[in-house]
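By convention in this document, chain letters (A, B, ...) are assigned in the order of the sequence lines, proteins followed by strands, and residues within each chain are numbered from 1.
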2 protein chains.
Amino acid sequence: MEKEITIYDIAKRLKLSPATVSRALNDHPAINSDTKTLITAMARQMGYRTNTFASNLRRQRTNTIGVIVPRLNSNFMSTVLAGMEKVANEASYNLIISQSLESVKKEIANAKTMFNSRVDGLLVSVAYDTDKIDHFEAFIKKGIPLLFFDRVIEHKQCTSIVIDNVKAGYDAVTHLIEQGCRRIMHVTGNLKRNVYADRLAGYQQALRQHGLPYDESLVMVTDLSQEAGTEAARRIQNMPERPDGVFVTNDFCAVCCLITLKKLGFSVPDDIAVVGFNDDPVSQVVEPDLTTIHYPGAKMGEVAAQSLINHLNGLLDIQTTNKIILHSELVVRHSSLKSSSY
Amino acid sequence: MEKEITIYDIAKRLKLSPATVSRALNDHPAINSDTKTLITAMARQMGYRTNTFASNLRRQRTNTIGVIVPRLNSNFMSTVLAGMEKVANEASYNLIISQSLESVKKEIANAKTMFNSRVDGLLVSVAYDTDKIDHFEAFIKKGIPLLFFDRVIEHKQCTSIVIDNVKAGYDAVTHLIEQGCRRIMHVTGNLKRNVYADRLAGYQQALRQHGLPYDESLVMVTDLSQEAGTEAARRIQNMPERPDGVFVTNDFCAVCCLITLKKLGFSVPDDIAVVGFNDDPVSQVVEPDLTTIHYPGAKMGEVAAQSLINHLNGLLDIQTTNKIILHSELVVRHSSLKSSSY
DNA sequence: TTGTAAGCGTTATCAA
DNA sequence: TTGATAACGCTTACAA
């Protein structure tokens, strides 16, 4: 455990002032390039490493971005995080990641920790049942940029990064209708969340536009777990008037639903067509493979991180950008192709 | 953007010294409990938040744990990370996560960043082709605890957290043999990595013990991607003497192999039995569902984080613990049950 | 182009 | 039980 080298040590060794050393190490313009070379070389030689805390303390900045997500361990979220990490890393920002485990209470605690950690900015996808955002007010008040992604909450001071969930829902359901479905079930999540509310709106819009009635009893609000998929299939079996198509807003849930339907003797897609959401790898593995909405997770992570970093570097004012919408699209596979030769 | 409250502000307001305030806020034993109550209340009232940087600078400690993983976006890894985050959060440690994207070069860069961020400890699962660990020497020299998990590198100063991969491989292959397989193929990853080398050893051990020959041409080293699974299936089809069982050390790769085999006209498990590794949710979705080794990912994350934190808190000396082995077990499903009525 | 010196907000040591 | 004071290592007016 050797002693830590500081800019004072380097300064003394080179008979320069600590200030000069600091400037050289930070690429300050007003410094002689020979001096700079000299200092850099000596720093390396002495095994100097910058003390981020001293620097942060002095500059009142942390080069750290906080991320709060419902869960780390879903394919979608880990893809988003991978995208964020990539961008942040390249811009030499650190990522502090925490999960709310879908609980507002834990989300509040996480927000507090992030606040105390003095993150330069915060990227959030809210928990299942968050409805107030008082716990983020502290950030807003202090001018710490706050950016929501995927599961967003509209706020005039915050930017949201989303896909067009209404359109995605519309596309999915329109596709089912075009395949001949006339009675389409919709399995979704908590309608408090923009993502689910919007997809439902898209579902309704597609029905309306094609002259089909909206039947509330066909909308099933669940936690979108695997069990929910199984449960949905069972419920379908017990319905007096069975649907001929189902749009599930999560691939894993959809896949479980599909499998259970098959076990119960349904033929997919002929008896009932299934469409999922996210384009999780699992959708390509099930038989028949699952039609779904491709969700650009990595891209969303990259855009979120980049926007925040640009804002922090003064390259873009995020307060003026209210919403960024990414492109998503329907991926047609065999679970919905009624006249398929699969 | 109001002014940040410091312990000086609180001290002034209560006509106490900053030292007393600091002590009260940190639950120092030698402080009057009335004073403590008073200070705590005032801190809350004034909206005080501790300045971690000043504290870190002074205490030479960061309460931050660094994590370097090959990829964030695999089911296995995100489960591990979720476990780590849970434990770290409860112990009020922050997690800085970065991914090497399977490249040694990036891993080296990540290590450097972590070093400069002065993490209190480091949790690492190495990249595909890392063979030296010079880039971690700096940590070891400085006495910063370094803990490897899953893909580990043996080092006398570092603890490893693993499952018994030899046994897992042995169990998988023994199961195949017991199901009547006599010619078993093995699809695995870079044998530099303990996980794959050990599983191969287990494979060989099982063969030997059951009097079956070891045929090197049946071992296929791949990157365990989905494409590798497909490729393996094709290769099987083209073999003059086809295997009747295959053990793939990754579920997603196994699933792709299985699906392709079916497409090529093989019956699974009757023509060829398939066993995977990890117990990824996808293994329950494929038909027939996949026999696999259950890997305790969340547990591994928790144990890794907890061990490190205990060490940091002086509750346990990690240097003396060389290896922690977690329990894993075979999960038999239908992809390997030759006489199944599935 | 370089140097001086004053903090940033804590905590640890020593003294009271 | 509390207080005074000196660091921790860096950055940045301001001065030279």
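- Under 4.0 angstrom from either OP1 or OP2 of dT2(C) there lies no side-chain N or O belonging to Ser17(A).
- When heavy atoms are screened at a 4.0 angstrom cut-off, Thr35(A) is found touching the sugar-phosphate backbone but no base atom.
- In this entry the distance linking CZ of Arg23(A) with P of dT4(C) reads 11 Å, nearest Å.
- For the pair Arg118(B) and Phe53(A), the cation does not sit on the ring face, since its NZ or CZ is not both under 6.0 Å from the ring centre and inside 45° of the axis.
- At least one cation-pi condition fails for Arg193(A) and Tyr128(A): the charged atom is not both under 6.0 angstrom from the six-membered ring centre and inside a 45 degree cone around its axis.
- The pair Lys36(B)-Asp27(B) meets the salt-bridge criterion, since a charged nitrogen lies less than 4.0 angstrom from a carboxylate oxygen.
- One atom, CG of Asn56(B), and another, P of dT11(C), lie 10 Å apart when rounded to the nearest Å.
- Between the P atom of dT4(C) and the CG atom of Leu16(A) lies a distance of 11 Å, rounded to the nearest Å.
- Straight-line distance from the CZ atom of Arg61(B) to the P atom of dT10(C): 18 Å, rounded to whole Å.
- Not a single donor-acceptor pair under 3.5 Å links the side chain of Ser117(B) to the backbone N or O of Val119(B).
- Minimum atom distance to the side chain of Ala19(B) is reached by dA12(C), of the listed dT10(C), dT2(C), dA12(C).
- Distance CG (Leu25(A)) to P (dT12(D)): 14 Å, rounded to an integer number of Å.
- Here dT2(C) presents its C1' atom at 16 Å from CD1 of Ile10(A), a figure rounded to the nearest Å.
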Contact list (N/O, under 3.5 angstrom) for nucleotides 6-8 of chain D vs protein:
residue: dA7(D); atom: N3; partner: Arg58(B); partner atom: NH1; Å: 3.1

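- Look at Ser22(B) and you won't find any side-chain N or O under 4.0 angstrom from OP1 or OP2 of dT10(C).
- Phe53(B) places its CZ atom 12 Å from the P atom of dT10(C), with the value rounded to the nearest Å.
- Ile31(A) comes within 4.0 angstrom of the backbone, heavy atoms only, and of no base.
- Residues Ile97(B) and Glu85(A) approach most closely at O-CG, 3.6 Å, considering heavy atoms.
- Nearest-nucleotide assignment on DNA chain D puts the 5′-proximal partner with Ser33(B), out of Ser33(B) and Pro18(B).
- For Thr20(A) and dG3(C), the shortest distance from a side-chain N or O to OP1 or OP2 is below 4.0 Å.
- Side chains of Asn89(A) and Ser98(B): no donor on one and acceptor on the other come within 3.5 Å.
- Of all the heavy atoms in Met300(B) and Ile163(B), the pair that sits closest is CE-N, 4.0 Å.
- Distance, Lys15(B) NZ to dT2(D) P: 17 Å, rounded to whole Å.
- Under 4.0 angstrom from either OP1 or OP2 of dT11(C) there lies at least one side-chain N or O belonging to Asn26(B).
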